[in-house]
Number of protein chains: 2
Amino acid sequence: MPVTIRDVARASGVHVSTVSRSFSAPHLVNPETRTHVLAVAEELGYRPNRAARALITGRTHNIGLIVADIANPFFPPLIKAAESHARSRDYHVFVADTSEDAGVEEELVLALAKQVDGILLCSPRMSNTQIEQLSREVPLVVVNRPVPGLPAVVMDLGQGARLAVEHLVALGHRSIALLGGPRGSWTNREIRRAATLAARTAGAELTVFGPNPPTEEGGAAQADAIARAGATAVLAYNDLMAVGLIDALDHNGVKVPDQISVVGIDDTALSRRIRPMLTTVATPTAAAGRAAVDMLLQHGDDRRTTALVTLQTELVIRDSSGPGPHRTAGPGRRQGPPPDGVALTSRE
Amino acid sequence: MPVTIRDVARASGVHVSTVSRSFSAPHLVNPETRTHVLAVAEELGYRPNRAARALITGRTHNIGLIVADIANPFFPPLIKAAESHARSRDYHVFVADTSEDAGVEEELVLALAKQVDGILLCSPRMSNTQIEQLSREVPLVVVNRPVPGLPAVVMDLGQGARLAVEHLVALGHRSIALLGGPRGSWTNREIRRAATLAARTAGAELTVFGPNPPTEEGGAAQADAIARAGATAVLAYNDLMAVGLIDALDHNGVKVPDQISVVGIDDTALSRRIRPMLTTVATPTAAAGRAAVDMLLQHGDDRRTTALVTLQTELVIRDSSGPGPHRTAGPGRRQGPPPDGVALTSRE
DNA sequence: TGGACGGCTACAAACGTTTGCAGCAGAACC
DNA sequence: GGTTCTGCTGCAAACGTTTGTAGCCGTCCA
């Protein structure tokens with residue numbers, strides 16, 4: 001016995017269409033009538049049925065948000081920001097988790113397609129062509145990967161990786177390991193590309209270890225290989241892997257940063273919580289969530305015109321990176337980007 | 001130009017009702033007809049419009065999941081488990097975040113009410129009467145709080161707090177601080193009740209510091225007061241606060257566990273990542289998420305009969321708790337519950 | 001051989017909205 | 001005083017499904 005628009009119409013002595021317009025087209029109805037209708041609706045506790053509305057208007061006022069792994073600390077701030085931003089625009093958010101599986105990803109997009117006005121696809125593992133294909137079923141905004149012809153929000157991790165490598169080289173490291181992320185990740189390729197270039201430019205050697213699952217275990221698993229290879233510094237695909245690596249190194253008696261420097265990526269909450277505090281590349285995840293929602297909601301051609309939003313990253317220097325064997329006189333290692341607090345707040 | 005049931009009907013030469021039944025009531029349609037219809041539907045890429053289905057059946061096949069703070073590491077595993085479990089039963093999940101605000105909480109329940117078949121209300125900050133009132137609008141399952149007459153899933157944190165206090169007393173602590181959580185949290189009251197009782201029973205003194213926001217800052221803020229009060233051990237409302245506290249103590253030159261022991265609650269991923277690794281009360285969050293979904297989906301009277309599910313907690317002893325001043329001969333502090341790995345997997 | 005029945009399908013109403021169109025009153029204009 | 005216009009409201013169709021009912025045809029049993 002939920003109260004419908006008809007109940008409100010009856011109780012306020014007007015036609016349903018007038019009630020409808022009182023809500024969705026106020027300028028078409030007499031102000032007096034409208035306030036009366038709204039009062040009655042309020043009293044009856046009327047809430048429009050969005051399914052019915054969706055049926056006729058074709059717009060659900062829902063959006064989908066698909067991530068690889070909710071439990072990965074990179075995503076919650078993004079989800080939180082996207083959800084809250086969407087809600088402020090009267091949209092609700094379906095959240096789904098693919099468990100890093102491209103198949104599940106596709107399935108989820110298809111399953112959600114008819115139920116949402118668009119989908120935020122975060123860090124997809126599918127191929128570009130698959131994504132393009134799906135974008136014909138439902139509007140898509142891709143996060144953390146540029147897909148030709150589709151609106152996307154990416155972090156400039158090329159720059160981030162370059163900053164990280166330059167930082168390590170400046171500290172005196174010449175043999176750097178890149179702890180790679182998952183296969184299929186654009187971010188991973190981008191980091192690899194930029195890090196390789198930066199290392200070559202700076203005259204350092206960079207070795208890639210991977211691909212690996214983007215988890216602590218993935219990082220830990222490469223600890224031996226990296227130590228054995230004689231690298232004195234590591235750039236990890238993300239904070240989680242950096243943490244796993246540091247732990248495994250520590251377990252093997254290798255001290256960070258004394259013997260090996262480790263730099264993470266993402267600046268998740270985790271990076272300030274572990275010891276040594278993690279030097280890492282900060283990515284503006286909350287801003288990315290909001291930007292993606294904005295792109296999705298400004299429908300039509302606009303979406304094409306602002307097709308790619310690139311957000312800046314920055315290096316946050318903490319305690320997990322220290323002097324390397326080739327250290328020359330130079331700036332103190334604490335110099336560089338502003339201290340944590342400032343960096344973190346100013347990024348917003 | 002999305003393909004509807006009518007397109008399928010036309011293309012396969014049958015009536016729409018036959019198409020509909022081919023999907024939702026297979027036994028009512030001739031097997032041959034059905035396979036043909038399904039083939040045509042597949043070929044056309046037909047996906048039933050859930051809004052339309054919801055309109056007529058009254059069931060949306062969506063559920064709402066409302067949490068206090070997505071970024072709090074306690075919630076992601078719960079969300080993940082709930083989402084995946086719901087999806088396996090062909091339900092999709094709206095996730096929303098209240099920012100620990102009771103007002104937003106109510107608003108969200110109402111906003112979601114018409115759009116879902118039920119809502120999982122996690123760690124609500126509202127009053128019981130408010131919750132009961134809302135449950136007349138939409139089926140509710142409460143997590144982390146028992147509400148009379150409503151189905152609920154709770155963790156036995158009374159037991160957890162007791163175990164923690166007994167552990168600390170066994171280590172020789174007689175002056176214990178309880179780092180309280182947020183006002184309005186049932187869990188907080190429960191912990192307080194059980195810890196107080198356990199301390200009294202064991203002949204120890206327990207002082208409550210709080211309420212506090214359930215964040216690192218909330219924990220850090222009480223570090224001075226706790227140290228000044230001369231407590232030698234602390235039981236914190238959650239891991240996040242424990243971490244903040246440990247950090248602040250460390251910053252003041254107070255060593256954990258040498259000078260003060262700290263025990264957390266929740267066993268979030270964080271607790272194994274920080275140093276010292278956190279002794280904490282493990283809560284089965286993933287199991288809670290699944291149980292809550294199950295309770296919600298077994299509609300009708302059943303929901304009443306299994307109105308309260310209580311999940312067991314257990315103490316996971318790690319490195320943040322150590323001997324206190326009144327240590328007597330006794331079991332080594334490493335004894336007790338099984339080691340991490342076992343405890344963590346067996347809990348599932 | 002007639003009737004009952006069972007298996008299958010078509011018909012049409014309904015779900016709760018939105019929205020183009022028509023109608024109506026009064027104001028404004030000439 | 002007629003016409004046009006404006007502001008408001010009612011009417012009814014439509015959105016894409018589900019589902020109760022009725023109809024058809026063939027089979028079975030007596």
Side-chain angles (χ1 to χ4, degrees), chain A residues 1-38 40-41 44-62 90 92 111-117 137-138, chain B residues 1-38 40-41 44-62 90 92 111-117 137-138:
Chain A
M1 47 157 54
V3 31
T4 78
I5 201 175
R6 238 177 291 270
D7 300 322
V8 178
R10 202 174 307 122
S12 48
V14 298
H15 195 263
V16 288
S17 57
T18 303
V19 177
S20 174
R21 278 188 270 258
S22 295
F23 284 97
S24 45
H27 58 284
L28 289 180
V29 39
N30 185 316
E32 281 182 44
T33 315
R34 176 161 183 262
T35 48
H36 177 227
V37 167
L38 293 189
V40 171
L44 262 50
Y46 167 72
R47 305 234 153 203
N49 180 325
R50 294 177 90 133
R53 178 179 293 178
L55 195 55
I56 185 87
T57 62
R59 323 206 57 230
T60 63
H61 266 245
N62 292 147
D90 197 24
H92 291 145
L112 247 31
K114 282 281 183 21
Q115 236 182 146
V116 299
D117 295 341
E137 301 286 327
V138 54
Chain B
M1 48 161 52
V3 31
T4 77
I5 202 176
R6 236 176 293 268
D7 299 323
V8 178
R10 201 174 308 124
S12 49
V14 299
H15 194 264
V16 289
S17 58
T18 303
V19 178
S20 173
R21 278 190 264 260
S22 294
F23 285 97
S24 45
H27 58 282
L28 289 182
V29 38
N30 184 318
E32 282 182 43
T33 315
R34 175 161 184 264
T35 48
H36 178 228
V37 166
L38 293 188
V40 171
L44 262 49
Y46 167 71
R47 304 235 153 203
N49 180 324
R50 294 177 91 131
R53 179 180 292 178
L55 195 54
I56 185 88
T57 64
R59 322 205 62 229
T60 62
H61 266 247
N62 293 145
D90 197 25
H92 291 144
L112 247 32
K114 282 280 183 25
Q115 239 183 140
V116 299
D117 295 342
E137 301 286 326
V138 55

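The structure presented is a predicted model; accordingly, all values stated were derived computationally and were not measured.
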Visitor: Do B:His92 and B:Arg50 have side chains that approach each other closer than 4.5 Å (heavy atoms only, starting at C-beta)?
Guide: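 Counting from C-beta outward, B:His92 and B:Arg50 do come under 4.5 Å.
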
Visitor: Should B:Val138 and B:Leu112 count as side-chain neighbours, where that means a heavy-atom distance under 4.5 Å?
Guide: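 A side-chain contact under 4.5 Å is absent here.
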
Visitor: How many angstroms lie between atom CG of A:Leu55 and atom CG of B:Asn49, to the nearest 0.5 angstrom?
Guide: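 That separation rounds to 6.0 Å.
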
Visitor: For A:Ile56 and C:dT19, give me the distance from atom CD1 to atom P, rounded to whole Å.
Guide: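 Whole-Å distance recorded here is 7 Å.
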
Visitor: Which distance, rounded to the nearest 0.5 Å, do you find between the OG1 of B:Thr4 and the CZ of B:Arg10?
Guide: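 Going from OG1 on B:Thr4 over to CZ on B:Arg10, the span is 7.0 Å.
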
Visitor: Can you tell me how far apart CZ (B:Arg34) and OG (B:Ser12) are? Round to the nearest 0.5 Å.
Guide: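 It is 13.0 Å, given to the nearest 0.5 Å.
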
Visitor: Tell me the interatomic distance from A:Phe23, atom CZ, to C:dT18, atom P, rounded to whole angstroms.
Guide: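 To the nearest whole Å, that distance equals 9 Å.
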
Visitor: Which is true for B:Ser20 with a 4.0 Å heavy-atom rule: it touches a base, it touches only sugar-phosphate, or it touches nothing?
Guide: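 If one applies the 4.0 Å heavy-atom cut-off, B:Ser20 turns out to touch a base.
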
Visitor: Between the protein and nucleotides 8-11 of chain C, are there any N/O to N/O pairs under 3.5 Å, and if so, what are the atom names and distances?
Guide:
{"residue": "C:dT9", "atom": "OP1", "partner": "B:Thr33", "partner atom": "OG1", "Å": "2.3"}
{"residue": "C:dT9", "atom": "OP2", "partner": "B:Asn30", "partner atom": "N", "Å": "3.0"}
{"residue": "C:dA10", "atom": "OP2", "partner": "B:His15", "partner atom": "N", "Å": "2.8"}
{"residue": "C:dA10", "atom": "OP2", "partner": "B:Thr18", "partner atom": "OG1", "Å": "2.9"}
{"residue": "C:dA10", "atom": "N7", "partner": "B:Ser17", "partner atom": "OG", "Å": "3.4"}
{"residue": "C:dA10", "atom": "N6", "partner": "B:Arg21", "partner atom": "NH2", "Å": "2.6"}
{"residue": "C:dC11", "atom": "N4", "partner": "B:Ser17", "partner atom": "OG", "Å": "3.3"}

Visitor: Are any of the side-chain heavy atoms of B:Asn62 and B:Gln115 separated by less than 4.5 Å?
Guide: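 A side-chain contact under 4.5 Å is absent here.
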
Visitor: With a 4.0 angstrom cut-off to heavy atoms of chain A, pull out the first and last contacting nucleotide of DNA chain D, in 5'-to-3' order.
Guide: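 Range of nucleotides within reach of chain A: D:dC8 to D:dG16.
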
Visitor: Under 4.0 Å, heavy atoms only, any strand: does B:Arg6 hit a base, just the sugar-phosphate, or nothing?
Guide: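 Contact class for B:Arg6: base.
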
Visitor: What distance do B:Thr18 atom OG1 and B:Ile5 atom CD1 have between them, rounded to the nearest 0.5 Å?
Guide: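 B:Thr18 atom OG1 to B:Ile5 atom CD1 measures 9.5 Å (nearest 0.5 Å).
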
Visitor: Do you know the tightest heavy-atom contact between A:Ala9 and A:His15?
Guide: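 Smallest interatomic distance, heavy atoms only, reads CB-C, 3.9 Å.
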
